[in-house]
Amino acid sequence: MGLLEQKRHFSVNLLDWYMVNRRDLPWRRHNNPYFTWVSEIMLQQTRVDTVIPYFNRFIGNFPTVQALAEAPEEEVLKNWEGLGYYSRARNLQAAARQVMELHGGEMPQDKQAVFALKGVGPYTAGAILSIAFNQSQPAVDGNVMRVLSRYFLIDEDIMKGSTRVLMEELAGELIPEGRARDFNQALMELGALVCTPKAPHCLTCPVMEHCSGRIAGRELTLPVKTKAKPPRPEQRLVAIVEGRGAHRGRVLVRQRPATGLLARMWELPHVLAAPAAAGKAAGPLADEPAMALLAGSLWAEGFAARPEGLATHAEHVFSHIVWSLQVYKCTEQDQSNELPLIAAEARAAYDAQASAKEITAPAQASEPGITDAANILGSLDEQGEPLSVFAASSSAHDVATGKGDGLTYRWIGPEDMDKMAFPNIFLKLITSYFAGSYEQQSEELN
DNA sequence: AAGCCGGGGTC
DNA sequence: GACCCAGGCTT
């Protein structure tokens with residue numbers, strides 16, 4: 001069989017299969033370009049089953065490009081909470097504003113204009129143009145590259161940019177005249193349901209007959225893909241600071257910087273325990289130095305708190321970092337008299353830790369506004385008196401640290417949770433705290 | 001070209 | 001517990 005026939009067999013049989021087997025998904029019920037767009041952004045790196053409830057809620061809250069463009073950013077972020085890759089949400093809203101200003105609120109149909117939207121790359125541009133407007137443009141994602149690499153036995157590393165370009169040329173040739181909308185979705189549907197990564201269902205595949213990969217017995221070794229390097233471990237100390245007095249029933253949280261990891265998300269205060277040695281985990285820190293270090297960290301940020309004891313351990317895995325979290329229950333203190341003591345304790349604890357583990361030069365802070373232990377100690381040296389936050393008691397529960405590059409801190413109760421976006425790990429920890437799950441630990445210590 | 005960006009699934 | 005799923009942006 002020649003290549004032309006093999007291609008034709010693929011296109012015809014795949015399209016026929018899709019028209020029978022296509023899943024009924026919320027964004028497939030209309031050819032609304034906005035729905036297509038939102039779904040494609042959500043589906044990046046995210047499974048269909050996970051996306052469905054998010055998509056329905058998002059469209060319910062932001063039914064049009066205009067509604068999305070005019071929404072407060074924190075509301076958009078809250079609707080993205082738990083989906084991950086939060087820059088997708090920020091870019092999506094920025095792009096909605098682009099569509100309002102440049103295109104009168106209507107999704108552009110021009111390839112260059114679509115591609116120019118924030119968060120829209122080669123794949124998403126192709127998906128929007130083909131699915132929403134039935135334009136004959138390839139939409140090559142991981143599913144498509146897996147399917148094509150197997151069917152045509154392509155040995156190129158799919159992590160390389162040049163391979164994606166090659167795949168786009170091929171995918172474009174395969175689109176039947178006037179059928180881009182269904183065909184591109186068919187390609188991805190096959191990858192998701194039949195030509196799966198680990199155990200492809202070749203026996204029920206509509207194009208198995210002329211699949212070069214299967215015929216060569218290569219279906220399990222394709223696609224060729226370089227492995228990602230393992231995530232670096234980080235040991236972090238987390239504080240659940242229980243408010244007292246005016247802050248009774250509340251817990252201290254802070255908002256992350258506008259860029260970088262988990263941008264603008266809220267979190268419990270935490271600190272890098274110690275710089276990990278090259279390629280090795282730092283390992284857990286003993287409770288006593290950990291608590292002193294945490295107290296020192298909070299002090300450096302302008303808060304007096306006394307760690308009471310370990311509440312729980314937690315782990316949070318990113319694609320490039322693994323956080324091992326030691327979570328300590330702390331109580332807010334009257335600031336003035338406690339601080340020098342806390343600072344001294346932190347200094348002693350750090351010195352002990354440093355000599356025990358032969359920590360040499362402190363690493364620079366990897367994230368703006370988020371200090372590691374060494375930087376905290378540095379700040380203890382520089383600052384002879386409490387930060388201005390103690391003098392300026394704000395009217396509500398909002399608190400600024402008094403530092404130019406400082407983060408925003410806030411004392412929150414359970415009712416505040418539905419307006420603020422948290423990464424899942426902190427959502428779980430705070431929810432558990434408000435549910436009383438850590439009561440027992442703290443009582444044991446009292 | 002390589003690193004940065006989450007979260008969840010399977011086996 | 002080990003392994004898998006990867007688009008777009010930034011540098």
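A note on names: the letters A, B, ... follow the listed sequences, proteins ahead of strands, and every chain is numbered from 1. For clarity, every value in this text was computed on a predicted model and none was experimentally measured.
Residue A:Y123 contributes atom OH, which lies 12 Å from atom C1' of C:dA6 at whole-angstrom precision. Atom-to-atom, NZ of A:K428 to P of B:dG6 comes out at 15 Å; the value is rounded to the nearest Å. In this structure, A:K118 atom NZ and C:dG8 atom P are separated by 15 Å, rounded to whole Å. When rounded to the nearest whole Å, the span between CE of A:M265 and P of B:dG6 equals 8 Å. When rounded to the nearest whole Å, the span between CD of A:Q45 and P of C:dG7 equals 6 Å. Rounded to an integer number of Å, the gap from A:E267 CD to B:dG6 P is 12 Å. In this entry the distance linking CG of A:D49 with C1' of C:dC5 reads 13 Å, nearest Å. Rounded to whole angstrom, the span from the CG atom of A:L92 across to the C1' atom of C:dG8 amounts to 13 Å.
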Check your understanding: Does the side chain to side chain donor-acceptor pair (under 3.5 Å) test come out yes or no for A:Y433 and A:E242, once each step is laid out?
Key -> CA-CA 10 Å; A:Y433 168 77; A:E242 191 171 80; 2.8 Å; yes
Practice item. Show the numbers, then the answer: is there a side chain to side chain donor-acceptor pair (under 3.5 Å) between A:Q98 and A:K118? Key: CA-CA 8 Å; A:Q98 283 180 281; A:K118 284 226 173 202; over 6 Å; no
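Salt bridge A:K160/A:D157: absent, no basic N to carboxylate O contact under 4.0 Å. Salt bridge annotation for A:R250-A:E415: present, with a cationic side-chain nitrogen under 4.0 angstrom from a carboxylate oxygen.
When the C1' atom is used for both C:dC9 and B:dG8, the distance is 23 Å, rounded to whole Å. On the P atoms, C:dT11 is 15 Å away from B:dG6, given to the nearest whole Å. Taking atom P on both nucleotides, C:dC5 is separated from B:dC5 by 22 Å, rounded to a whole Å. The P atoms of B:dC11 and C:dA6 are separated by 15 Å, rounded to the nearest whole Å.
When the nearest nucleotides of DNA chain B are assigned to A:K198 and A:I425 by heavy-atom distance, the more 5′-ward of the two goes with A:I425.
A:G161 comes within contact range of no nucleotide atom at all, as no heavy-atom separation falls under 4.0 Å. Contact annotation for A:V317: base contact, defined as any heavy-atom pair under 4.0 Å involving a base atom. Note on A:I158: nothing from the nucleic acid sits closer than 4.0 angstrom, heavy atoms only.
Of the listed nucleotides (C:dG8, B:dG8, B:dG7), B:dG7 has the atom at the smallest distance from the side chain of A:P423. Residue A:S319 places its side chain closer to C:dA6 than to any other of C:dC5, C:dA6, C:dG8. Residue A:P122 places its side chain closer to C:dG8 than to any other of B:dC5, C:dG8, C:dC4. Here C:dC4 is the nucleotide among C:dC4, C:dG7, C:dC5 with the atom lying nearest to any side-chain atom of A:K227.
Within the 4.0 Å cut-off from OP1 or OP2 of B:dG7, at least one side-chain nitrogen or oxygen of A:Y86 is found. When the side-chain nitrogen and oxygen atoms of A:N91 are compared with OP1 and OP2 of C:dG8, none of them lie within a distance under 4.0 Å. For B:dC5, one of the phosphate oxygens OP1 or OP2 lies less than 4.0 angstrom from a side-chain nitrogen or oxygen of A:H320. A sub-4.0 Å separation between OP1 or OP2 of B:dG7 and a side-chain N or O of A:H316 is present. At the phosphate of C:dG8, OP1 or OP2 sits under 4.0 Å from a side-chain N or O atom of A:T124. Contact annotation: A:K229 side-chain N/O to B:dA2 OP1/OP2 distance is not under 4.0 Å.
When only modelled atom types and interatomic distance are considered, A:N91 and A:R88 share no side-chain donor-acceptor pair under 3.5 Å. Side-chain polar atoms of A:T50 and A:R47 form no donor-acceptor pair below 3.5 angstrom.
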